[in-house]
Amino acid sequence: MGDLLQHLWSHYHYVIYVALMLIGLYAVLAKGNLVKKVIGLNILQTAVFLFYLSIGRHTDGTVPVVWADRPDSIPYENPLPHVLMLTAIVVGVSITAVALALIVRIKSAYGTVDEGEILALDEAEGQGEG
């Protein structure tokens, strides 16, 4: 048990990422308010961004630029996760904007942003037609 705690402590940032992922997943699955679901999705997305950015890190790494006076044995930081996450951030902001715009339209059409109430209104409308 002591080895497990020591291992978790030495990799505490992964524990934080998993905690953020679980908080975001809980908000997406358990909350009925659509705005809270979007916030949970953003928390989940942030945890994934942080995880990918931490993968590209080296303890003694340096920028991936070749200098004439530097030996080849120095480890370089991997720039690929940073580039991918920059693109993912732009896509995430766009998805958030579209989701919030849809929530505004849903609020104007149904008068609520609670998922349970919207489903109940749809079911009542469906039974009234049949």
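The structure presented is a predicted model; accordingly, all values stated were derived computationally and were not measured. If you read the sequence from its start, that first residue is 1, and numbering goes on from there.
- Clustering of Ile, Leu, Val, Met, Phe, Trp and Tyr by side-chain heavy atoms under 4.5 Å joins Leu86 with none of the others.
- Annotation for Val98: hydrophobic cluster partners, listed by chain and number, are Leu102 (ILVMFWY side-chain heavy atoms under 4.5 Å, direct or chained).
- Residue Tyr26 is not grouped with residue Val18 when hydrophobic side chains (ILVMFWY) are merged at heavy-atom distances under 4.5 angstrom, including chains of intermediate members.
- Remark: Thr112 pairs with Glu117 by the side-chain hydrogen bond (donor to acceptor under 3.5 Å, both in side chains) rule, at least two apart or across chains.
- Residues Leu5 and Ile16 fall into different hydrophobic clusters, defined by Ile, Leu, Val, Met, Phe, Trp and Tyr side chains chained together at heavy-atom separations under 4.5 Å.
- Note on Leu25 and Val48: separate hydrophobic clusters, where clusters join Ile, Leu, Val, Met, Phe, Trp and Tyr whose side-chain heavy atoms are under 4.5 Å apart, directly or indirectly.
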Donor-acceptor pairs are to be reported for all side-chain atoms of residues 27-42 against protein atoms at under 3.5 Å, with residues two or more places apart or in another chain.
| unit_1 | atom_1 | unit_2 | atom_2 | d |
| --- | --- | --- | --- | --- |
| Asn33 | OD1 | Val35 | N | 2.9 |
| Lys37 | NZ | Val28 | O | 2.6 |
| Lys37 | NZ | Lys31 | O | 3.0 |
| Lys37 | NZ | Glu115 | OE1 | 3.4 |
| Asn42 | OD1 | Thr96 | OG1 | 2.9 |
| Asn42 | ND2 | Val38 | O | 3.4 |

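- Under a cut-off of 6.0 angstrom, the local environment of OH in Tyr14 is crowded, with over 12 non-hydrogen atoms contributed by other residues, nucleotides or ligands.
- A search for side-chain hydrogen bond (donor to acceptor under 3.5 Å, both in side chains) contacts involving Asp122 returns Tyr110, not counting sequence neighbours.
- Of all non-hydrogen atoms in Gln45 and Ala88, the two that sit nearest each other are NE2-O, 4.0 Å.
- Grouped with Ile95 in one hydrophobic cluster are Val91, the linkage being side-chain heavy-atom contacts under 4.5 Å among Ile, Leu, Val, Met, Phe, Trp and Tyr residues.
- Both Phe49 and Ile55 are members of a single hydrophobic cluster when ILVMFWY side chains are connected at heavy-atom separations under 4.5 Å.
- Aromatic ring orientation, His11 versus His13: parallel (interplanar angle below 30°, classes split at 30° and 60°).
- Linking Ile, Leu, Val, Met, Phe, Trp and Tyr residues whenever their side-chain heavy atoms come within less than 4.5 Å leaves Ile103 and Leu119 in two separate clusters.
- Closest of all the heavy-atom pairs between Pro81 and Tyr52 is CB-O, 3.3 Å.
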